[in-house]
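Below is one structure; the comments refer to it alone.
Throughout, numbering of the chain's residues begins at 1 and tracks the sequence. FYI, side chains are in, hydrogens and waters are out, and symmetry mates aren't considered; it's all heavy atoms of this structure.
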Amino acid sequence: MNLLSASAAELGRLIATREVSSVEVTRAHLDQIAAVDTCIHAFLAIDATGALRQAAATDARIAAGEQLGPLAGVPIAIKDLLCYQALPTTAGSRILEGWVPPYNSTVVQRLIAAGLVLIGKTNCDEFAMGSSTETSGYGPTHNPWDTARIPGGSGGGSAAAVAACETPLAIGTDTGGSIRQPAAVTGSVGVKPTYGMVSRYGIIAMASSLDQAGPVARTTLDAALLHTVIAGHDPMDSTSLTTPVPDVVTAARLGDVRGLRIGLVREFSGEGYAPGVELRVQQAIAALLTAGAEVVEVSCPHFIHALATYYLIMPAEVSSNLARYDGMRYGLRIGDDGTNSTETVTRLTRGKGFGTEAKRRIILGTYALSAGYYDAYYGSAQKMRTLIARDFATAFERCDVLVSPATPTTAFKLGERIDDPLAMYMSDLCTIPANLAGIGAASFPCGLAPEDGLPVGFQVMAPALRDERLYQVGAALERELTAKWGSQLLAQAPALTDTKVVW
Ligand code: GLN
């Protein structure tokens, strides 16, 4: 039994039946991190001692006969945007270097309560702004499929850690695609639940009306099990939903798409889309037809404005949320020598602590919200947001889910887009509409592009609160493609690990 390539569901079962201990599983993953993370750089902080202590505690509870959840004893990595008292939380920014939060985020509390083993914090773009992890103040993460390439962003660390078998599970956050785009380019499963399904309490805010945390995993079932652990109402988050969490685990176990009406979004194809991406998406659709789904083409005419809309609403919220990093309350403080004014300390701290992309977005957002421009920019963007949500509503009258590529291309080279913000922003073309409408969406692996041998992600979007449909489709796709191609097509980069990932 290879403990690194096993699914989280399988590991949880083996730990519960005491065939392996959580300590053994945790140690195997810590060893893998020690072996490969020098070339991947998925982690910003590792808590080996704490993780082994948690693992031993879970083993003891199981030995004492306690019935724990299906993921008890399974290791997990956390994006460095989530507050966790045991380790620093930096959001990938130098302005928070070394800051240790005084409390745990709700997601972290729920993971601990379910007996998962928190092994470390994963790298991300600064304050989750980026599509490549290159804006991280601590250096980029490398894609395990080809270390010269980006692992996606902002949650590239979480996706790369899962793809490199450093952990079976990770938590990401998604404001415009930061769970799905990294999952797509690393061949992982990434799910952004419906807005409000997972508590934002204790998660460093980027754009509060768009932010949502969710699971990253190697199988659909693993993601569903993790979804169930972290989702559900939380009085500490004012936008938390009170509705029950859908039964995503049963949906993932059954993967039944017979009679399901799937709408292929016409706007997400053609110019700018890599041929290998289009090919694999077409094949994924064919596989779903084989599994009994019906497929129609749909048009969502306002989606072409989603990127522009997002780049007004998101920076507007960013400029407000990042005002709290003033050199007084958290982390870095520069120039506090007793002679400088508060304003000078704040200016020096922000000037040094924030990277270029954070500054760019603060300035864009401040401009978009300024008197005289507010209606023209922010106001228009809010109207367009409504039109995009209506496009979804109209499409969902005809279809149960919508599908598209998760990203227009496979992983690009590190350095290729970092000096061209617009090219970087284009990576999120397909993922942003779901955030603007607040609906759930996911990326599932659908094979490797023939031209470069790199993973392609298949995006599924479901109406709000119907997240189980994402898992229904993901599980069906996983089953059909594995039957057709076997698992070799998604084998892990052999240079890094001798494991074969069976997804
Ligand atoms: N890549 C997008 C951005 O740069 C999305 C980020 C995210 O989802 N956190 O804004």
Side-chain angles (χ1 to χ4, degrees), residues 79-84 88-103 105-106 124-130 135-138 153-154 173-176 178 195 199-213 236-240 309-337 340-382 385 421 425 435-436:
K79 188 178 184 181
D80 204 25
L81 227 56
L82 281 84
C83 289
Y84 176 34
T89 295
T90 70
S93 180
R94 289 284 175 185
I95 211 163
L96 281 177
E97 190 167 6
W99 181 67
V100 180
Y103 67 102
S105 52
T106 298
C124 56
D125 284 291
E126 185 177 17
F127 288 106
M129 300 173 197
T135 75
S136 166
Y138 304 92
S154 62
T173 66
D174 192 312
T175 303
S178 284
Y195 181 81
S199 169
R200 290 183 294 109
Y201 179 69
I203 301 180
I204 292 185
M206 179 185 171
S208 307
S209 77
L210 302 159
D211 298 344
Q212 183 64 193
M236 300 301 281
D237 173 357
S238 62
T239 57
S240 173
T309 305
Y310 174 79
Y311 275 94
L312 286 166
I313 292 173
M314 174 274 297
E317 296 187 22
V318 159
S319 70
S320 160
N321 272 327
L322 268 58
R324 65 179 64 119
Y325 307 104
D326 55 5
M328 298 295 145
R329 287 176 281 190
Y330 312 91
L332 191 69
R333 180 180 298 175
I334 293 175
D336 182 17
D337 58 5
N340 283 325
S341 67
T342 310
E343 288 73 18
T344 303
V345 173
T346 297
R347 184 168 46 76
L348 292 173
T349 305
R350 288 169 73 85
K352 187 97 180 19
F354 285 135
T356 311
E357 188 61 27
K359 286 178 187 160
R360 178 180 294 127
R361 297 196 191 194
I362 292 169
I363 291 167
L364 282 174
T366 308
Y367 184 73
L369 290 175
S370 58
Y373 292 106
Y374 183 95
D375 285 336
Y377 291 118
Y378 186 71
S380 310
Q382 290 291 22
R385 185 175 189 172
Y425 299 168
N435 299 81
L436 290 171

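To the nearest 0.5 Å, atom CD of residue Gln212 and atom CZ of residue Arg200 are 8.0 Å apart. Rounded to the nearest 0.5 angstrom, Tyr195 OH and Thr239 OG1 are separated by 3.5 Å. Atoms OH and CG, from Tyr367 and Leu312 in turn, are 11.0 Å apart once rounded to the nearest 0.5 Å. Atoms CD1 and OG, from Ile313 and Ser209 in turn, are 6.5 Å apart once rounded to the nearest 0.5 Å. The CZ atom of Arg94 lies 8.0 Å from the OG atom of Ser136; values are rounded to the nearest 0.5 Å. Within the model, atoms OG of Ser105 and CG of Asp237 stand 11.5 Å from one another, a figure rounded to the nearest 0.5 Å.
Between Ala358 and Leu322, the closest heavy-atom pair is CB-CD2, 4.5 Å. Minimum heavy-atom separation, Cys83 to Thr89: CA-OG1, 3.7 Å. The shortest non-hydrogen separation linking Ser178 to Ala128 is OG-O, 4.1 Å. Of all heavy-atom pairs between Ser208 and Ala205, the closest is OG-CB, 3.9 Å. When all heavy atoms are compared, the tightest approach of Met129 to Glu357 is O-CG, 3.8 Å. The nearest pair of heavy atoms linking Lys359 to Gly351 is NZ-O, 2.7 Å.
Applying the side-chain contact (heavy atoms from CB on, under 4.5 Å) criterion to Arg347, with sequence neighbours excluded, gives Thr344. Taking Ile334 as the reference, Leu332, Leu348, Thr349, Lys352 meet the side-chain contact (heavy atoms from CB on, under 4.5 Å) condition, with sequence neighbours excluded.
Between the side chains of Thr346 and Asp326, no donor N or O sits under 3.5 Å from an acceptor N or O. Counted by atom type alone, Thr135 and Asp125 present one or more donor-acceptor pairs between their side chains at under 3.5 Å. Using modelled atom types and a 3.5 Å distance limit, the side chains of Asp211 and Thr173 yield no donor-acceptor pair. Ser93 and Glu126 share a side-chain donor-acceptor pair at under 3.5 Å.
With hydrogens and angles ignored, the 3.5 Å screen pairs no side-chain donor or acceptor of Thr90 with any backbone N or O of Glu97. A donor-acceptor pair is defined here as one N or O able to donate and one able to accept, closer than 3.5 Å; no such pair exists between the side chain of Asp80 and the backbone of Cys124. Remark: side-chain polar atoms of Thr309 are not paired, donor with acceptor, to backbone N or O of Gln382 under 3.5 angstrom. A side-chain donor-acceptor contact under 3.5 Å links Arg333 to the backbone of Gly327.
Between Pro315 and Tyr378, every side-chain heavy-atom pair lies at or beyond the 4.5 Å cut-off. When side chains are defined from C-beta on, Met206 does not count as touching Phe127, because their heavy atoms never get closer than 4.5 Å. Between Ile204 and Tyr325, the closest side-chain pair of non-hydrogen atoms falls below 4.5 Å. Inter-residue side-chain proximity for Tyr310 and Arg385 is flagged as unmet; no heavy-atom pair is nearer than 4.5 Å. The shortest side-chain heavy-atom distance between Asn435 and Asp174 falls under the 4.5 Å cut-off. Residues Thr175 and Glu317 have side chains not in contact (no heavy-atom distance under 4.5 Å, counting atoms from C-beta outward).
Within 6.0 Å of atom OH in Tyr373, 12 or fewer heavy atoms from other residues, nucleotides or ligands are found, so the atom counts as exposed in its surroundings. Within 6.0 Å of OH on Tyr138 lie more than 12 heavy atoms contributed by other residues, nucleotides or ligands.
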